[in-house]
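See structure below.
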Number of protein chains: 2
Amino acid sequence: MSDHAAKELLYDALAQAAKALSNGRRAELVDVLAQGERPVEELATEIGQTVANTSQHLQRLLRSGLVKTRREGTSVYYSLSGPVVHELWRAMRQSAEEHVAGLQQIVDDYVGDRSQLRTITRDTLQARLRDGNVVVLDVRPGPEYAAGHIRGAISIPVSDLTSRLGEIPEDAEVVAYCRGPYCVYADDAVRIMTGNGLEAARLEDGFPEWAAAHLPTEGRSP
Amino acid sequence: MSDHAAKELLYDALAQAAKALSNGRRAELVDVLAQGERPVEELATEIGQTVANTSQHLQRLLRSGLVKTRREGTSVYYSLSGPVVHELWRAMRQSAEEHVAGLQQIVDDYVGDRSQLRTITRDTLQARLRDGNVVVLDVRPGPEYAAGHIRGAISIPVSDLTSRLGEIPEDAEVVAYCRGPYCVYADDAVRIMTGNGLEAARLEDGFPEWAAAHLPTEGRSP
DNA sequence: TGTCTATTCAAGAAAACCATTGAATAGCAC
DNA sequence: GTGCTATTCAATGGTTTTCTTGAATAGACA
């Protein structure tokens with residue numbers, strides 16, 4: 001094989017990893033899978049696509065090595081194949097946010113106005129946890145909480161929050177979190193809680209960043 | 001705009017950054033640009049494509065924000081638009097190397113057998129530099145050395161090395177470096193030098209990694 | 001001004017991609 | 001074994017990518 005052909009092959013292979021992420025629906029899948037493993041059907045409803053289409057996207061991710069599968073009964077659970085994939089996804093988001101023209105506008109359009117929401121950083125939350133007087137609230141869908149969550153967090157999916165407000169201790173401050181910078185569940189949750197007289201803030205980033213920083217977690221998550 | 005449509009828009013926008021890297025020729029361009037800015041024509045010969053095609057690829061990278069341009073005389077110099085792009089490219093390589101099936105084989109096919117070459121790490125080279133008894137040799141093409149190089153390095157492009165061996169001091173050990181893990185210039189250089197009785201080793205990674213680690217550099221590089 | 005050069009633009013054909021549809025498969029429950 | 005369910009496969013049509021070719025443009029320099 002000529003040197004030139006070998007070089008093309010090499011860079012084509014490297015580009016495979018990017019090709020896998022080069023579709024909006026697959027990017028969405030990776031973002032959801034960053035929360036933990038999920039079966040195909042759930043992923044399909046999550047990204048609003050047919051099961052067949054979702055399956056094909058998942059297999060493309062599988063072929064490119066970004067995800068792996070595990071069979072349990074009749075279900076196939078997909079998950080990211082390792083920490084470097086988390087890292088890749090983070091780098092992609094950061095690069096896009098910094099350099100893709102107009103992205104910030106699109107983010108703002110999607111997440112809405114966050115200026116009225118109190119936001120605290122990972123570091124601040126850690127400090128509060130040491131002090132003790134804080135309730136950490138996971139507002140993601142149940143399966144994602146089950147797959148892994150911040151240690152000590154309680155789970156109330158945002159869809160159930162209004163009817164389950166009573167479960168939240170009243171004497172402590174609440175910190176809600178969800179998937180990450182593009183997830184609005186925690187935003188909604190904070191609005192609901194402050195609207196009901198509770199002291200609430202949202203964690204700046206989500207569970208994957210918490211886990212990536214090797215902070216304490218619980219659940220199935222590796 | 002519906003929430004669903006806004007979400008699709010957001011992830012489509014994120015996928016843009018990946019689309020930019022999802023082509024082997026563009027990946028190759030980014031890898032070359034990681035060495036420093038270059039005009040279109042040089043990039044075209046570097047990746048073995050026509051100027052028109054290269055220009056189109058560069059403009060795709062430009063539209064996605066990964067690169068920026070600077071005009072000087074009749075030439076347009078392209079360069080990566082910031083540190084997060086370096087970071088993204090590194091994450092892509094790492095993810096592909098770890099998870100793309102068969103990539104390691106392709107790398108081996110391209111770079112050949114490195115087991116006979118003495119390799120030293122960045123840390124080791126730093127230590128040697130403090131001791132003083134080492135010559136750092138940049139074997140990349142001239143323009144890349146000019147765009148930025150390890151501080152104190154001398155430049156002898158590998159294509160000229162055989163005829164310019166006399167310029168290398170004989171009493172010191174030589175450490176050759178080039179672009180990075182997929183670059184074979186330093187490999188070739190070490191083979192040439194050891195074949196001529198010189199003490200030579202190759203630096204494990206290349207100039208971009210050195211610069212990214214904020215180790216001392218010289219040249220135009222930002 | 002006109003010429004030269006580096007770069008960009010435009011059009012077209014082959015290939016790859018993507019959502020949709022309907023059928024096929026694999027494992028569980030009975 | 002038969003049904004049932006979650007997932008995958010295969011075929012199709014519309015869109016996007018990618019390389020090629022040839023022409024157009026913008027600035028340098030005389």
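All values below were derived from every heavy atom in this structure, side-chain atoms included, with hydrogens, water molecules and symmetry-related copies excluded. Every chain is numbered from 1 and lettered A, B, ... according to where its sequence line falls, protein lines coming before strand lines.
- Counting non-hydrogen atoms under 4.0 angstrom, A/V40 reaches the backbone sugars and phosphates but no base.
- Note on the helix from C/dT1-D/dA30 to C/dC30-D/dG1: angle between the axes of the first and last five pairs equals 30°, rounded to 10 degrees.
- The two residues B/R140 and B/Y185 come nearest to each other via the heavy atoms CA-CD1, 4.2 Å.
- When all heavy atoms are compared, the tightest approach of A/A189 to A/V158 is N-CG2, 4.0 Å.
- The stretch residues 23-32 of chain B comes close to DNA chain D through B/N23, B/R26, each having a heavy atom under 4.0 Å from the strand.
- Extent of DNA chain C lying under 4.0 Å from chain B heavy atoms, first and last nucleotide in 5' to 3' order, is C/dA6 to C/dA10.
- Atom NZ in A/K19 sits roughly 10 Å away from atom C1' in D/dT18 (whole-Å rounding).
- Checked by atom type, the side-chain pair B/S55/B/Q59 shows a donor-acceptor distance below 3.5 Å.
- In this structure A/Y145 satisfies the ring-ring contact (aromatic ring centres under 6.0 Å, His included) test together with A/H149, sequence neighbours excluded.
- For B/S22 and A/V76, each mapped to the nucleotide of DNA chain D holding its nearest heavy atom, the one lying further toward the 5' end belongs to A/V76.
- Expressed to the nearest 0.5 Å, how far OG of B/S22 lies from CG of A/D12 amounts to 10.5 Å.
- In this structure, A/T119 OG1 and A/D187 CG are separated by 7.5 Å, a value rounded to the nearest 0.5 Å.
- Residue A/Y77 is out of contact with every strand shown, counting any heavy-atom pair closer than 4.0 Å.
- A/R202 places a side-chain heavy atom less than 4.5 Å from the side chain of A/R114.
- Closest of all the heavy-atom pairs between B/G36 and B/A147 is CA-CB, 4.1 Å.
- Rounded to whole angstrom, the span from the CD atom of A/E37 across to the C1' atom of D/dA6 amounts to 16 Å.
- How far CG of B/L66 is from NE2 of A/H99: 7.0 Å, rounded to the nearest 0.5 Å.
- The heavy-atom pair separating A/L10 from B/L103 by the smallest distance is CD1-CD1, 4.2 Å.
- Residues A/Y182 and A/D31 bring no donor and acceptor atom of their side chains to less than 3.5 Å of each other.
- Once rounded to the nearest 0.5 Å, the distance linking OH of B/Y177 with CG of B/L137 reads 8.5 Å.
- Within residues 54-61 of chain B, the residues having any heavy atom closer than 4.0 Å to DNA chain C are, in order of number, B/S55, B/Q56, B/Q59.
- Taking NZ of B/K68 as the reference point, atom OG of B/S79 lies at 3.5 Å (rounded to 0.5 Å).
- Taking all atoms of both residues into account, the shortest heavy-atom contact from B/P208 to B/A34 is CG-O, 3.6 Å.
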Sub-3.5 Å pairs of nitrogen or oxygen atoms, protein against nucleotides 27-30 of chain D:
none

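- The minimum heavy-atom distance linking A/V100 with B/S64 is given by the pair CG2-O, 3.6 Å.
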